[in-house]
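Each residue takes its place number in the sequence, starting with 1.
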Amino acid sequence: MTNNVEYKGFKVDNVAGGKADWYCFTDLCKGCGLCIVKCPKKCLKWSKEVGIYQTPAVEPNPAECIACGMCALVCPDSAIKVNKK
């Protein structure tokens, strides 16, 4: 059985010089900040969007992000997705 649940969130287009699109699912993000701490480029920041507990969600600086996916790997709630093109 496949679970095709769609979560609310937002997309940041053309990160890493157009090499990827970055997604934050605000229905899953609890604002723990682990992704900010573990980002090797330190390009993540708190966004104006709020997560599931009304805490700030995160977003990358598209010019600095290298689309390495570390944020998605360390997110305990799978609230971040990096789609490489």
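Between the side chain of N61 and the backbone N or O of A63, at least one donor-acceptor pair lies under 3.5 Å. Formation of a donor-acceptor pair under 3.5 Å by the K84 side chain with backbone atoms of A67 is found in this model.
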### Message
Before you tell me yes or no, could you show the steps for C75 and C35 under side chain to side chain contact (heavy atoms under 4.5 Å, CB included), namely the whole-Å CA-CA distance, both residues' side-chain angles and the distance that decides it to 0.1 Å?
### Response
CA-CA 6 Å; C75 179; C35 54; 5.6 Å; no

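Atom-to-atom distance recorded for S78:OG and L73:CG is 10.0 Å, nearest 0.5 angstrom. For the atom pair CG (D13) and NZ (K85), the distance works out to 6.5 Å, reported to the nearest 0.5 Å. The OH atom of Y7 sits 10.5 Å away from atom CG of D77, with the distance rounded to the nearest 0.5 Å. Note that NZ of K8 and CG of L28 are 11.0 Å apart. Values are rounded to the nearest 0.5 Å.
Residues forming a salt bridge (Lys or Arg N to Asp or Glu O under 4.0 Å) with D27 (at least two apart in sequence, or on another chain): none.
Residues W22 and N14 have side chains not in contact (no heavy-atom distance under 4.5 Å, counting atoms from C-beta outward). Contact check for Y23 versus I80: no side-chain heavy atoms found under the 4.5 Å cut-off. Side-chain contact between C71 and V58 is absent, with no heavy-atom pair separated by less than 4.5 Å. In this structure, C29 and C24 have side chains that are in contact, with non-hydrogen atoms separated by less than 4.5 Å.
Sorted by first and then second residue, the side-chain hydrogen bond (donor to acceptor under 3.5 Å, both in side chains) pairs with a member in residues 38-50 form an empty list; sequence neighbours excluded.
The two residues V50 and T26 make their nearest non-hydrogen contact at O-CB, 3.3 Å. Contact record, K30 with T55: O-OG1, 2.9 Å, taken as the closest heavy-atom pair. Contact detail for A16 and I66: the closest heavy-atom pair is CB-C, 3.7 Å.
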